Student: 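Before anything else, here's the structure in question.
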Amino acid sequence: MKAAASASPARLVSPRFKYEVAARPGGQAIKACFGCGVCTAGCPVAEVDGAYNPRRIIRMVLLGLEEDVLTSDLIWLCTLCFTCYARCPQDVKFTDVMGVLRELAVERGYVHPSFPARLKAMDDLAQQLRLGAARALARDKAAAGPPDPGNLKRLFAEVGETT
Amino acid sequence: MSGGVTGAALVVGGGIAGMQAALDLAESGFYVYLVEKSPSIGGTMARLDKTFPTNDCAMCILSPKLVECGRHLNIETLTGSEVLDIAGEPGNFTVRVRRRPRYIDLARCTGCGDCEKECPVRLPNEYEGGLNLRKAIFRPFPQAYPNAFAIDKADRPLCQVSCPAGVHAQGYVALIAAGKFQEAVTLVKRDNPFPAVCGRVCHHPCEAACRRGLLDEPVAIRPLKRMIADYELEHAGEIALPECSAPRRERVAVVGSGPAGLTCAHYLALDGFPVTVFEALPVAGGMLTVGIPEYRLPRDILRAEIDQIARLGVEIRTGTALGRDFTLDDLAAGGYQAVFLAVGAHRDQKLGVPGEDVPGVVSGVEFLRQVNLGEPVTVGRQVLVIGGGNVAIDAARSSLRLGARSVTVVYRRSRGEMPAAAHEVAAAEEEGIEFRFLTAPAAVLGEGQAQGLRCLRMQLGEADASGRRRPVPVPGSDFTLEADQVIVAIGQTPDTAFAPPGMTDRWGNLAADPETLATARPGVFAGGDAVTGPATAVEAIAAGRRAAASIRRHLDGEIPIAARPVPAPAVGPVPWGEARAPRAAMPELDPVARRGDFREVELGLSQEAAMAEAGRCLDCGVCAECRECERVCQARAIVHDMAPEEVELKVGAVILCPGFATTAPEDLVPLGYGRHPNVVTSMEFERILSASGPYDGHVVRPSDRKVPRRIAFLQCIGSRDLRHGEGYCSSVCCMYALKEAVIAKEHSAEELAISIFYMDMRAYGKDFEHYLNRAQREYGVRLVRSRVEAVEAGGAPGDLTVHYAGEDGRPAREDFDLVVLSVGMRPEPAMVELVERLGISTDRHGFPRTPSGKPTCTSRPGILVAGPFAAPKDIPETVVEASAAAAEAGTVLASSRGELVRHKEYPLERAVANRPPRIGVFVCHCGINIGGVVRVKEVADFARGLPYVVHVEDNLYTCSQDTQDRIKQLIEEHDLNRVVVASCSPRTHEPLFQQSIREGGLNPYLFEMANIRDQCSWVHMHDPDAATAKSRDLLAMAVAKARHLEPLYRVPVPVTRAALVIGGGMAGLTATLAFARQGYPVGLVEREVELGGQARRLTRTLEGEDVPALVARTIEAVKTHPLVTVHTGSRVRNIEGFVGNFETLLATPEGEVAVRHGVVVVATGALPAVPSDTGYGTDPRVITQLELEEALAGGRVPEGDIVMIGCAGSRTPERPYCSRVCCSHMVKNALALKALDPRREVHVIHRDIRTYGLKEEQYREAREAGVIFYRYTEDDPPRVAAGEDGRREVTVTDDLLGMPVRIPAGLVVLASGIAPRPDARELAQALKVPLNADGFFLEAHAKLRPVDFATDGVFVAGLAHAPKTLSESMAQALAAVGRAATVIARDSIEAGGAVAEVREARCGGCRTCESVCQYSAIKLDPARGKAAVEKALCKGCGACAATCWCGAIVLRGFTEEQILAEVAALL
């Protein structure tokens, strides 16, 4: 890791961005972060996507890597599950910080203004899919044997049609 | 009292701080009360395994202090005590203290441990972190002081409280669980002489109250009682008789031989009274005999228990009825001085319906009486029994056994209202008896013979007085039941026709006081059914027992008072986690076999079933009061009815040092604690590591005792955490985790991988950085910089998965065998409550606030604070604060020094010189501790044959007070001139025996001890022959040495009661002022022209104190104090002398000055380290933190953004230690810069932010203010280069982004650290004290003697000792004074005794001895060319004697002659 680090050109630190984030509702506590990594260790998104890293996002904000953060796809991956929020020993409230970053990304025109609404619709759909799938599973939760992926596919198809 | 000041102090908390403060004060001439809430002093340190950074065994270094503190004549230890209130002012406080009962007489308990072996109640052992169990009678740890046991007792358990007779149910249940059946039944009989009866027929309210019932089902208490009663009957043949008191003359008459009457007779007989019982019926037993059928209570069982009472000497006259055969006046005339009326309730109530008197209608009680007396009875084919009580059920079931075809019970209410016992009703149904509920008789049909019963159907209406719904007839519901016999069992009343008017109440019952049972007629008492109406056997028994007590008081001429009031029971929470276990089922006779058969239905529990059932008891009362301890304690030290007491203490000053609590368990739940047994706290892990711990020092994990191969330590648990715990840093966890890791590796024979998950490794103390480096490099401890998010069950059973953010930033999962949570410190909650009540100002965590410049003071004058109760801290700082608080207290108390201390007066010593040895030998049984293994009598007999032995005794406890008195007396009687004790450890007991023989007139050195407990009965526990043989050998050796013992004397050496302080910085100034305020003349030497030292360069502390004001104030106070002589611009030229007697030559501007003083404090300070490289000195834009602080103080605010670089010269190969203050210094200056201009950017580049303790809060403040922190490693340091516009640019690798970043800086500020003074070596040589490898002064012991040197009379404080903060320096300076005061508080010190002596003729002057003496006590006298010992400094360690080539050095008390005699005796 170290070798890779020294190979990349050094970035200039800029302080302004952290104040901007901290000035918005939800972003106030970002500066308290001491980089312990609890948010990342418990993050369900980070578990499936190694590039997604809450601690890293906070650090980039603190060091003023504004454009890198706001243009990144990563800020849209958060599922708002609040695990980091609940575990953070410094009460940084990262889920709220994420809201501020998305807001700024829209304001700065890095994404189309309709993007958050579409994301929300997708989240709702995902929730319904999950709900339907869970109900279907629950119907034969007594059934023995390993899960059959085919079943799950059929299930999603079924739920998809109804929504 | 001088000026009204009380010359005593209160120390709250008996941990290491409390012990140190108490010892310092007591040695400085003040009386000390040491209040400790637990049964022993010792505190948390007594639970630790090893201590960092020296890896000393905590207990080994602590236990001498325990003995010293515990035995000190002027320290009064109050254990089990808590302070309720402190009133008054400095010099004059009144303290209220509540002492919880220990239930042990401390004056009698010898700590032998016999009681502990017998105690049946097991509880989680809090000393061992709950990893194993201890008994309800316990001593927290073997080295505890007082060396005595304590009983852990809640209130009486609910089973006992609910029993009318107050039987100790938990007690006998516990004894049954332990298989002690006879002991159990004996315990029952203290309160109830009818265990076999009650074990069968009792309505057992104890079971209804049993809290196990909340969890699953109540413990089967009644069947258990039956089992032990039967056990006694079967095994003892007949019941063993308890011992009676001395016979009394007063005769007592008991009328009625039911349970009430016989119980009364039983207990009166035990008290020695002659008792006559008058019984109207032809047999004894009352309702037990004639009311209860045999299938429930076999006659032989009942007879055995009645016989036992008769065998106590109670005369039972049957067939003699009061009112028929004699009157109350006859009894008085017949010489009976007291009467107990217990005539019962045998008269049936009438049904009151037509036809009741036809043949075939009988009363229930009459019917049962006939059946039970074996009289001929007629039983119908179809039997109706009217009533719902136990009599009705007994009559019904008896009818069935006597041949009735059908039996029906008619009851006017429903099943739920039946007063009969539920299991009796169930048994009746099983046997085929029918029940007709809500049915009331209206008339008996038939003439000349009952033929049936006309009945009405009932329904339940409003509740009546008994709370049950009253049955009301349903109109027109008449119906008829056929029957040829009707048994009426609707209740009984007493027959009180004999009673004169005024002795009965309006229901015709006898009238008696409910508590004392006294009637209107003096000397006549009444109880049982005759008073209460029909009730249960155990209520009658209770009445009988109460009557016996009242009658005894009456005959003793006392007022018959009530028993002690029953307090509201206090029991702990139900242990919901306990595994569910069903109650043991009672085996019963098959229902079919019961017809026509009066054999007992219940068959009783087997012994095994009973033991298992008894094991279900939850021990609600903790101690079960089974009194086994009382039975086995040969010292008679157990006092079960001890009560709490309140005492009032008068003191002049108070020191609060109650220690700390650890992070609350609920805050540990997210990390698996409490869910996974292999997640343990660091305190628990200390015990796992400890050789005396629950696993005997084998590092195994709790769930399966498997040896772990992978251990994870999780840091900052409950610390630096606003969600689960507190925001501050607990100061000690990084180091103890490293220590535990290293020790675990040392303990482990196999490969053990240890990972520590941490955020900043805070190894900030003296020599800590070396320890950290060793842990990593030599022991291979892996450090992972990440906070753990969660701990879950791992892949294999018992394993754990740790969730954290890996080095690559991705979520990482790693499995471990064992997880240790490094829990943090909290102020002791009960004490926070107390200090707040006392009006002492605290911070938001509850830590008492200390005013500026007074590190141990609280907001309330005269009340001081020390240790982790003031803020999280390690042992050395705790000990420093304790001595500092003692010094502060000393200034309050100074005017009354010596006024309240006690001195021991001894008789003149007996002359022993040139007399043949006359040796007295005492061999100790130590209860069964030694005597249970070693054949003590045999050892004593052996001693009688040894030469010069003139008297030998074996004692139950040689250390008990009466034996001590006896030893003194025997010295006189037998003219003994040597004493040998064969018992336990000299470590704990030698001072006691030495003191005793001194009191008996013998020189204390004429004593020798053989340890036959540790070395014989303990280690050869299973081999009595070997243990006895070895005891003989050890005793022979001791006696052989004793022949050669000689008196040794400690001679007083006068003390110069003045001090010299070297160094005029804040440490030196603080020490100087404290000496002066305690009333001692003090000289202060400072090399500079100005006083103040390094503190002059500081503006504010991190906590915001105004340093220049503090410095100026202190200098002013020092300069103006009349007892202070200041020598500025001066140096120490030469120091001669030793403790109490130093003579120092100073070079001053006015010429040489000689100073005489008794003690020296070294406070010579340190220097700011000058950083190398990074451009300092060449680049004007690179400065140090001190320079920045000076610039800010001078109003010279630098321009632009600022980059601070930490560890610029610390933690490097050249200076391989942490300078402790720099991180805080950076945070402080960063905050100051931000306060001046929030838009200015401040960047801090560090290796670990070491803002330990409460300083962590300023670290957070700095982050919130916008200061950015970067972490670098030693091999990739930040680089400073020229940037744009003449600015600088610092490049550093950001460890979180994994890439280099460039930081523009107007100024680069280096945290350069602290370096020792190069001239320290010179002073160290003059004082003969050592420096450590880094060049700082090396104290006597890193943990427990942080301001002392091995050389007596010389102390150290401030930066000369190690880097530290201003406040820490000042505390250490005060501590040095606190310690020094123990020397100069007295006119003389004692020197000599068992010390080295030089035989000059043999000495070659080689100086080898000088080089090995740690205490600088021996050196070459240059004039004579011979070694000379300074007795005042010699500790008698023997190093010189062992090293001397020529055998010129003799260690008194261990001479060659003495040792060779021992060896000869062994061979």
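As the structure is a prediction and not an experimental result, all values here were calculated from the model. The sequence lines fix the lettering, A, B, ..., with proteins before strands; numbering per chain opens at 1. Hydrogens, waters and symmetry mates are skipped; everything else that's a heavy atom, side chains included, is used.
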Student: Among A/P15, A/A22, A/P54, which has the most heavy-atom pairs under 4.5 Å with chain B?
Tutor: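 It is A/P15.
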Student: Please flag which part of A/Y52 lies under 4.5 Å from any non-hydrogen atom of chain B: side chain, backbone, both or neither.
Tutor: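 Contact with chain B involves no heavy atom of A/Y52 at all.
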Student: With only heavy atoms counted, which part of B/S786 is less than 4.5 Å from chain A, the side chain, the backbone, both or neither?
Tutor: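 For B/S786, the contact with chain A is made by backbone and side chain together.
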Student: Drop me the distance from B/Y758's OH to B/C734's SG, to the nearest 0.5 angstrom.
Tutor: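 Separation between the atoms: 9.0 Å.
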Student: Is B/Y1259 in contact with chain A via its backbone, its side chain, both, or neither, using a 4.5 Å heavy-atom distance?
Tutor: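 Looking at B/Y1259, just its side chain touches chain A.
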Student: Mind ranking B/A790, B/G1266, B/A1265, B/P1304 by heavy-atom pairs under 4.5 Å with chain A and telling me who comes out on top?
Tutor: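 Ranked by heavy-atom pairs under 4.5 Å with chain A, first place is B/G1266.
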Student: Tell me whether A/E67 at atom CD has more than 12 heavy atoms from other residues, nucleotides or ligands lying less than 6.0 Å away.
Tutor: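 Counting other residues, nucleotides and ligands, CD of A/E67 stays at 12 neighbours or fewer.
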Student: With a 4.5 angstrom heavy-atom cut-off, could you sort out which part of A/R55 is near chain B: side chain, backbone, both or neither?
Tutor: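 For A/R55, side-chain heavy atoms alone lie under 4.5 Å from chain B.
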Student: State, with a plain yes or no, whether a side-chain heavy atom of B/L821 is found less than 4.5 Å away from one of B/V819.
Tutor: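 When only atoms from C-beta onward are counted, B/V819 and B/L821 do touch, with a gap below 4.5 Å.
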Student: Working to the nearest 0.5 angstrom, can you tell me the gap between B/T801 OG1 and B/R813 CZ?
Tutor: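 One gets 8.5 Å once the value is rounded to the nearest 0.5 Å.
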Student: Measure the spacing between CG of A/L125 and CE of A/M122 and express it to the nearest 0.5 Å.
Tutor: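 Spacing of CG (A/L125) from CE (A/M122) equals 8.5 Å.
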Student: Among B/H1243, B/E1241, B/E1264, B/R1239, which residue forms the greatest number of heavy-atom pairs with chain A at distances under 4.5 Å?
Tutor: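 Among the listed options, the one with the most contacts to chain A is B/E1241.
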Student: Side chain, backbone, both or neither: which part of B/E1261 has a heavy atom under 4.5 Å from chain A?
Tutor: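 No part of it gets close to chain A.
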Student: With a 4.0 Å cut-off, would you call B/D721 and B/R787 a salt bridge?
Tutor: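 Yes.
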Student: Tell me, side chain or backbone of A/C84 under 4.5 Å from chain B's heavy atoms, or both, or neither?
Tutor: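 Interface part for A/C84: neither.
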Student: Non-hydrogen atoms of chain B under 4.5 Å away: do they reach the side chain of A/L65, the backbone, both or neither?
Tutor: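 For A/L65, the contact with chain B is made by the side chain alone.
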Student: Is it the side chain or the backbone of B/I1268 that comes within 4.5 Å of chain A heavy atoms, both, or neither?
Tutor: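 Just the side chain, heavy atoms under 4.5 Å.
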Student: For each of B/R785, B/R720, B/H724, tally heavy-atom pairs with chain A at distances under 4.5 Å, and name the one with the top tally.
Tutor: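 Top count of heavy-atom pairs under 4.5 Å with chain A: B/R720.
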Student: Counting only heavy atoms closer than 4.5 Å, note whether A/L63 contacts chain B via side chain, backbone, both or neither.
Tutor: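 The answer is the side chain of A/L63.
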Student: Give, as side chain, backbone, both or neither, the part of A/A29 having an atom under 4.5 angstrom from any heavy atom of chain B.
Tutor: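 Contact with chain B involves no heavy atom of A/A29 at all.
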Student: Evaluate the side-chain proximity of B/I1205 to B/V1309: yes if any heavy-atom separation is below 4.5 Å, no if none is.
Tutor: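 The answer is no, as the side chains (C-beta and beyond) never meet within the 4.5 Å cut-off.
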Student: If I take atom CG from residue A/N53 and atom CG from residue A/L77, how far apart are they, to the nearest 0.5 angstrom?
Tutor: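 Between A/N53 CG and A/L77 CG, I get 12.0 Å after rounding to 0.5 Å.
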Student: Quick one: pull up CD in B/E1199 and CG in B/D1237 and give me the separation to the nearest 0.5 Å.
Tutor: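 Rounded to the nearest 0.5 Å, the CD-CG separation comes to 10.5 Å.
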Student: Please name the pair of heavy atoms, one in B/E789 and one in B/L671, separated by the smallest distance, quoted to 0.1 Å.
Tutor: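 Minimum heavy-atom separation between B/E789 and B/L671: O-CD2, 4.1 Å.
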Student: So for B/R1260, is it side chain, backbone, both, or neither that comes closer than 4.5 Å to the heavy atoms of chain A?
Tutor: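 The answer is the side chain of B/R1260.
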Student: Go through A/G50, A/C39, A/G37, A/C33 and name the one with the most non-hydrogen pairs under 4.5 angstrom from chain B.
Tutor: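 Ranked by contacts with chain B, first place is A/G50.
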Student: So for B/V1267, is it side chain, backbone, both, or neither that comes closer than 4.5 Å to the heavy atoms of chain A?
Tutor: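 When you check distances to chain A, no heavy atom of B/V1267 falls under 4.5 Å.
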Student: Which pair of heavy atoms, one from B/Y1252 and one from B/C729, lies closest together, and at what distance?
Tutor: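 That closest heavy-atom pairing would be CA-SG, 3.7 Å.
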Student: Tell me, for A/S14 versus chain B, whether the close heavy atoms (under 4.5 Å) come from the side chain, the backbone, both or neither.
Tutor: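 Contact with chain B: none, neither part.
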